[in-house]
Amino acid sequence: MEVTLLNINSLGYCLRQSIVSIYRNFWLVLVTAGIIAVSLSVFGGLLLIAVNTGQIIRNVESNVEIAIFLYDEANAEEIQFKLDNLVGVRNSTFVPKEQGLEEFRKSMNMAIPLDGLSGKNNPLPDLFRVKAVRAEIVPELAREIQEFPGVEYVEYGEKVIDILNRVTGWLNTVFLVISSLLALGAIFLIMTTIRISVLSRQEEIGIMKYLGASNSFIRFPFILEGMVIGWLGTLSAALVLGVVYYRLVVLLKQEALAFFVQPVTDMEILLPLLIGLLVIGTLLGGLGSMVSIHRHLKV
Amino acid sequence: MEVTLLNINSLGYCLRQSIVSIYRNFWLVLVTAGIIAVSLSVFGGLLLIAVNTGQIIRNVESNVEIAIFLYDEANAEEIQFKLDNLVGVRNSTFVPKEQGLEEFRKSMNMAIPLDGLSGKNNPLPDLFRVKAVRAEIVPELAREIQEFPGVEYVEYGEKVIDILNRVTGWLNTVFLVISSLLALGAIFLIMTTIRISVLSRQEEIGIMKYLGASNSFIRFPFILEGMVIGWLGTLSAALVLGVVYYRLVVLLKQEALAFFVQPVTDMEILLPLLIGLLVIGTLLGGLGSMVSIHRHLKV
Amino acid sequence: MIEFRNVTKSYNNSNHPAVANVSLRVERGEFIFLVGPSGAGKSTIMKLLFREIMPTTGQLFFIKRNIINFTERDILKYRRLIGMVFQDFRLLKQKNVYENVAFALEVLGQSPRKIRQKVPVALEKVGLTGKEKAFPSELSGGEAQRVGIARAIVKDPLIILADEPTGNVDRDNSKQIMKLFESINENGTTVIVATHAWDLVDRMQKRVIALKKGRIIRDEQYGGYATEY
Amino acid sequence: MIEFRNVTKSYNNSNHPAVANVSLRVERGEFIFLVGPSGAGKSTIMKLLFREIMPTTGQLFFIKRNIINFTERDILKYRRLIGMVFQDFRLLKQKNVYENVAFALEVLGQSPRKIRQKVPVALEKVGLTGKEKAFPSELSGGEAQRVGIARAIVKDPLIILADEPTGNVDRDNSKQIMKLFESINENGTTVIVATHAWDLVDRMQKRVIALKKGRIIRDEQYGGYATEY
Ligand SMILES: Nc1ncnc2c1ncn2[C@@H]1O[C@H](COP(=O)(O)OP(=O)(O)OP(=O)(O)O)[C@@H](O)[C@H]1O
Ligand SMILES: Nc1ncnc2c1ncn2[C@@H]1O[C@H](COP(=O)(O)OP(=O)(O)OP(=O)(O)O)[C@@H](O)[C@H]1O
Ligand SMILES: [Mg+2]
Ligand SMILES: [Mg+2]
């Protein structure tokens, strides 16, 4: 009497069984999916915040300017050309000394008479304002430009750049720590939930073993079930996140704030996030089930 | 044969029973406490972030300055006196026109000769720099100072203040939304966990009812157990948060950033947070148990 | 003391009733055997009496009061008067033998001193001295059944309802358990036993109520398991 | 086919062994009754045979192979040869009667067509036709027990181990079940039944092994429940 441990009949049976099981354990399935949904919503929400914070910082960074003060005898056009061809420069503007004086006057107060300083008496130099593509390269860029002939002095918000870089680094660390903790927490939660749900069927698993069921035969429906649960949970999480995020985006767009805080709406960034969540959820459900029933599979 | 539904013997029994039950269900107790710990850690972590963000913003806000430009003939001392007695002013500094020129020269570039503008030729006015206790009152303050005799013009970072106020409002909303969601999620998780743990004893509860046990008699050990579990979970959460936060504080203190991002270490703020968490956790555990067994208590 | 009036019980997903139009009077102090083939409705009658389930139609009285209208509080008080032996034992898995038996007294709010006195006596009566510390999962079938019996008798109930109390117990133990019920009955307790132990039923010559497909087909004052009319 | 060599089984929290130094040979095609008082060790011997538990000391052979050294895969294959009736039924709560019986065949990887043929036959043999859709919680004690029996016989096992298969079943049903085992035995299946049904043991005159406190006190080729030497 030769017996195989798993054949095509068994596979069909397992598949049917998963469906019946989800149907009969409806409530438990719902709760488990709910817990996964909550965990992943929080986690996904954090990711969205991180993505947006990154965007804001990049926004601020890209507004950092390098001011290039020229000698009176400098060739502005040549420098302009050189700047335009310099890697890392986003754009550059020439500010003649007259404009500089005007800006100064404005910044002080219109009512103050500076007429005596116009024309020949203007003590200010011509200058270029340059924006870099990223904040990190500003110091490097400044050093290079300093070497250009005709450039007297290069200045940039050293302090601001410094602070920005530190803040970015700090935020990255914080986000990494928080999201690792959250991820660990979510995994722990999901595993525990599945484990408890398996625990409630411990007896059943035992009986199956007594009837000669192999581990894969017992495991398979559980894993399928876990994957469906994980997938359901993630889908709900994605839905919740999507709706909340969409509302926030609309809200922000209406606010004058929109310019300052531009929410990421790029599908190129958001779609992988969504798909990633779905994959993670499904895997978590499946793997969670697998690990959880492992301890109950001893003969 | 008169029977009372709950007497002193029963109370003693319930108390003993809770302890025995925690001991025998060690694993389940641990998992439940763990889930509460994770939920509350995340929630508490968010609160800490909120508290600190608030502090940073207040920090930035308190550095917003009002510049007060004076007429040449103004009485600086009188204005100084008035400013010192104005509600909402944190401090004020007098900047004579010579110092203003010096600062301007520095901000442009030392190398630029502005010698011709010193003394009588100085086109700049004297001015006061005033810091407010809170950013919101700056516009109000500016309007008041404008009315002082001898004040030609008052200026402040209208844009910065505006942005700060908006950011603060926005962050408050975001934090409110996230923490409400998190709180809901945490409550859901804890309730579910306790419910599942009760579910696994559904049979036992049924048998107790068959033996004539009253609802309070059955409920009491569960609620006590739930409270202990909630309390254990919260304590762990507090411990984890405490250690992580302490490490972060130490790290930040070492960094030069410390000035920019000063973590809140005030026990007056942190202690109520901790106690609040403990109370919430204990109540959650107890109430969670109560609600969860409710559905199993039908005769 | 107990009266069934045209009681019918149909379970939801079943086409014919488990108990059909049963009328029955039980006086205080009676000893009754409930017999009949598997699925005849013996356990259903026990559950109706215990108010674990409600009749679909009909009335059910306990000392002139209709059990059906009992409030939750009434039910609890009523159950405390009854010592029930369940066919599927229903021991508290988390409690050991001693605690399971003691629980019946804790529920009544009896003092720890009284409990410490009574429990060992009950365990002795069913022959389980020495098994106090064992948990239900560590008992043999017959031992578990006897814990259920000890739990029912320990509280000196007004009525004992025993559903198949000797199904997992050997011949000698069965005889002893029946003797135990008999002596408790002699002290005034009403005893109703559902059983397949035909030899004991035959030997004891008590009132026998025979069921078949939910109907009473025989009710003899001094009968056997399968007495012919 | 089966041999116990000085098998002793002591449970952890028990001072005397449940099975003590038992030696025993069972040939292919035998029909054996295991009798003895409650707690004598009958179920323990069944569990040892089924390799649900391991002996504390001693050897246990199945067709010359030592069961104790079985790998997990061996155990599964071994169990598929055995039809076990558990004293506590062990039905799958989440499956209905039909599915519970079918499960024994699903495990063997039999085709849906074959399963649809065999399950109704087995249910008919134990008298449960019409109860296919009921879940274990909706069965009477005897019905649940018979589902367990149907599950054991449906797969045409090499050995049937039945622990107290008639404890909750009435007299007629008990006789019928024993007849069922007898006819299966006549087709070559080895049958071992632990039971308290003394009348059936007496009537059938098969090999009887009597246990007391874990020791074999009698092993007769054609014996009764309590034959004196
Ligand atoms: N919860 C339920 N849901 C549906 N049907 C049920 C339920 N409980 C019992 N039944 C059915 O009602 C009938 C009577 O059951 P009952 O348990 O009263 O029989 P019994 O006389 O105690 O039998 P046994 O001797 O086997 O214990 C049986 O056919 C059974 O299948
Ligand atoms: N898991 C266990 N842990 C500890 N002791 C156990 C365990 N299982 C059984 N025992 C003890 O071992 C002894 C023999 O038990 P076993 O179940 O073999 O008896 P049995 O002959 O089947 O009795 P019954 O006729 O009542 O079913 C009993 O005293 C029992 O209490
Ligand atoms: Mg019954
Ligand atoms: Mg046994």
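Residue numbering restarts at 1 for every chain, and letters A, B, ... go by the order of the sequence lines. The basis for the numbers below is simple: all heavy atoms, side chains too, and nothing from hydrogens, waters or symmetry mates. Fair warning: this is a prediction, and the values are worked out from it, not measured in the lab.
- At a 4.5 Å heavy-atom cutoff, the contact between D:D199 and chain C is made by side-chain atoms alone.
- Looking only at side-chain heavy atoms (C-beta outward), C:K95 and C:F103 come within less than 4.5 Å of each other.
- Residues C:N6 and C:S23 bring a donor and an acceptor atom of their side chains to less than 3.5 Å of each other.
- For C:R215, the CZ atom is loosely surrounded, since the number of other residues' heavy atoms within 6.0 Å does not exceed 12.
- When all heavy atoms of D:L91 and D:P136 are compared, the pair lying nearest together is CB-CG, 3.9 Å.
- Of the possible donor and acceptor atoms, none in the side chain of D:N185 sits under 3.5 Å from a partner among the backbone N and O of D:T190.
- For the set C:H196, C:K133, C:E164, the entry with the most heavy-atom pairs within less than 4.5 Å of chain D is C:H196.
- Between the side chain of D:T189 and the backbone N or O of D:I159, no donor-acceptor pair lies under 3.5 Å.
- Not one N or O on the side chain of C:R218 forms a donor-acceptor pair closer than 3.5 Å with the backbone of C:V208.
- Judged purely by atom type and a 3.5 angstrom limit, D:R207 has no side-chain atom pairing as donor or acceptor with the backbone of D:F31.
- No donor-acceptor pair closer than 3.5 Å links the side chain of D:K118 to the backbone N or O of D:K155.
- Checked against the 6.0 Å centroid threshold, C:F50 and C:F86 count as a close aromatic pair.
- With chain C as partner, the option from D:S38, D:G130, D:A134 having the largest number of non-hydrogen pairs under 4.5 angstrom is D:S38.
- Of all residues spanning residues 142-153 of chain D, those with a heavy atom less than 4.5 Å away from chain C's heavy atoms are D:G142, D:E143, D:R146, arranged by number.
- The number of heavy atoms from other shown groups lying within 6.0 Å of CD (D:Q205) is above 12.
- Contacts with chain D (heavy atom to heavy atom, under 4.5 Å) involve these residues of residues 166-184 of chain C, listed by number: C:G167, C:N168, C:V169, C:D170, C:R171, C:N173.
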